[in-house]
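This report concerns only the one structure given below.
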Number of protein chains: 2
Amino acid sequence: MVDTKDRLVEGALRVLREEGLTGASARVIAAAAGANQALVFYHFGSVDKLLAEACRCGTEARVARYRERFAAVSSLRELLAVGRELHAVERAEGNVAVLAQLLAGAQTDPRLAPVVADGLNLWIVEIETVLRRVTATLPIADLIDVAGLARAVASAFVGLELYEGVDAAGGTRALDALEQLAVLVEVIDELGPVARRALRAKLRRTGAR
Amino acid sequence: MVDTKDRLVEGALRVLREEGLTGASARVIAAAAGANQALVFYHFGSVDKLLAEACRCGTEARVARYRERFAAVSSLRELLAVGRELHAVERAEGNVAVLAQLLAGAQTDPRLAPVVADGLNLWIVEIETVLRRVTATLPIADLIDVAGLARAVASAFVGLELYEGVDAAGGTRALDALEQLAVLVEVIDELGPVARRALRAKLRRTGAR
DNA sequence: GTCTATACATGGATAGAC
DNA sequence: GTCTATCCATGTATAGAC
């Protein structure tokens, strides 16, 4: 039998997955953990603090699970493949939905906001590392703000996840379209030197900020 | 004095903006509308149904507000400019946050899901129309799934909005990076015919599904 | 650490007066 | 259509026994 405190964290994650933030009460979470309701307050002080801990724990576990996989990526196309696999697995297990629920709740809860930001940041750091590596060889590498792009990718991922929750077919279609767009970037890497130079010149003039 | 039913819808939107979905109870909404709590059930039957109506109404009003602006867009860069203005205004007024709240709630509420999907679809239709127009002249126009891309843009927008709610600086940085990436696509339009042909050939081989 | 019991607030929803 | 009053379920949080 696992520690009760850990079981409560697990229960909180499960409830967030299955019932959403609105259903995440001390009673419901305790029931999901097979524990007594009063223990939520004994171990964590409040429901909010338990949710914060669940966010930290859950995200760390998820990120750790994909760290090796990320490390093996050496091209943009591979990154997309891993991203899609991650999407499928995490969607099936409902883990991204947890972060999405907390992110939505954090909009109006100042106590939750920093914790969720930290959680998202764990993903962003991973993505940023990979992006820096796979874009290093691109002709436009020095014109890309990798840190910004990593943030865009992570948050767009969450948005897509939420969208797919209400329209599965639409979500799949959106992902397919994005994949095409990403191929575009990689293709540029394989263009001739003339086209690359033209692209760079143009980009520096219009895209630099 | 406006109709009470309308005031309740307004109140619901305000509460979703300021308190989030967890705070959207019949009592709180009625108070925000300056109305009696029982009237929520008299006019709408349940809180859920009021929220659904608020989603429909609110989104329709927002989309209508930008229809003219969208119609005037004739290039990808202009679309981005409008997108950024829309982002700034709607963010300041908290309107996208409303859709985000409902989207998060819809993940675990089958009654809310179709309504929110419809609401998001209003945005998607607008974006799709504009995208179809401004990508028509691109050399890779027939290789882009505009409908899918519109869905990706709309949901990514929501994700960015949510992210900015917990990390304002990060959100801005993500938007800047995306803007650079979009310039990339437009720049390809201005490449010479040789590069364009090479791009098309490559894309058709790798990106077509 | 864990349980029962309980106080007390808030929520959904309805009945009935006006 | 609108209000008061009310029922009952659920929620947070604490006290105190074990």
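Below, read A as the first sequence line, B as the second, and so on, with proteins coming before strands; counting in each chain starts at 1.
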Going by heavy atoms closer than 4.0 Å, what residues in residues 39-53 of chain A are next to DNA chain D?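 Within this stretch, A:F41, A:S46, A:V47 sit under 4.0 Å of the strand.
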Please list residues of residues 9-22 of chain A whose heavy atoms come under 4.0 Å from any atom in DNA chain D, ordered by number; otherwise none.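 Contacts with DNA chain D under 4.0 Å: none.
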Using a heavy-atom cut-off of under 4.0 Å over every strand shown, decide if B:A38 touches base, sugar-phosphate, or nothing.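 B:A38: base contact, heavy atoms under 4.0 Å.
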Do the charged groups of [X] and [Y] touch, with an N to O distance under 4.0 Å?
X: A:R14; Y: A:E10; value: no
X: A:R69; Y: A:E78; value: no
X: B:R133; Y: B:E128; value: no
X: B:E179; Y: B:R84; value: yes
X: B:R56; Y: B:D118; value: no

Could you write out DNA chain C as a dot-bracket string, with dots for unpaired bases, | for bases paired across to another strand, and Watson-Crick or G-U pairs counted at under 3.5 Å? ||||||||||||||||||
Taking the side chain as every heavy atom from C-beta outward, state whether [X] and [Y] have any pair of such atoms under 4.5 Å apart.
X: A:R17; Y: A:N95; answer: yes
X: B:R67; Y: B:T129; answer: no
X: B:V47; Y: B:F41; answer: yes

Of A:S25 and B:K5, whose nearest nucleotide on DNA chain D comes first from the 5' end?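 The residue whose closest nucleotide sits nearer the 5' end is B:K5.
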Whole-Å gap separating C1' (C:dA17) and CG (B:N36):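 About 13 Å, once rounded to whole Å.
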Using whole Å, report how far CD of A:Q37 lies from P of C:dA5.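 About 13 Å, once rounded to whole Å.
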What's the verdict on side chain to side chain contact (heavy atoms under 4.5 Å, CB included) for B:V146 and B:R151, showing C-alpha distance, side-chain angles and the deciding distance? CA-CA 9 Å; B:V146 176; B:R151 279 156 180 77; over 6 Å; no
So among A:D48, A:L8, A:V115, A:V9, which one has a side-chain contact (heavy atoms from CB on, under 4.5 Å) with A:E53?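 Among A:D48, A:L8, A:V115, A:V9, the one that satisfies the side-chain contact (heavy atoms from CB on, under 4.5 Å) with A:E53 is A:V9.
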Toward the 5' end of DNA chain C, which comes first, B:G23 or A:R27, by nearest nucleotide?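 Taking each residue's closest nucleotide, the earlier one in sequence belongs to A:R27.
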Side chains of A:Y66 and A:E90: do they bring a donor and an acceptor to under 3.5 Å?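 Yes, because at least one side-chain N or O of A:Y66 sits under 3.5 Å from a partner of the opposite role on A:E90.
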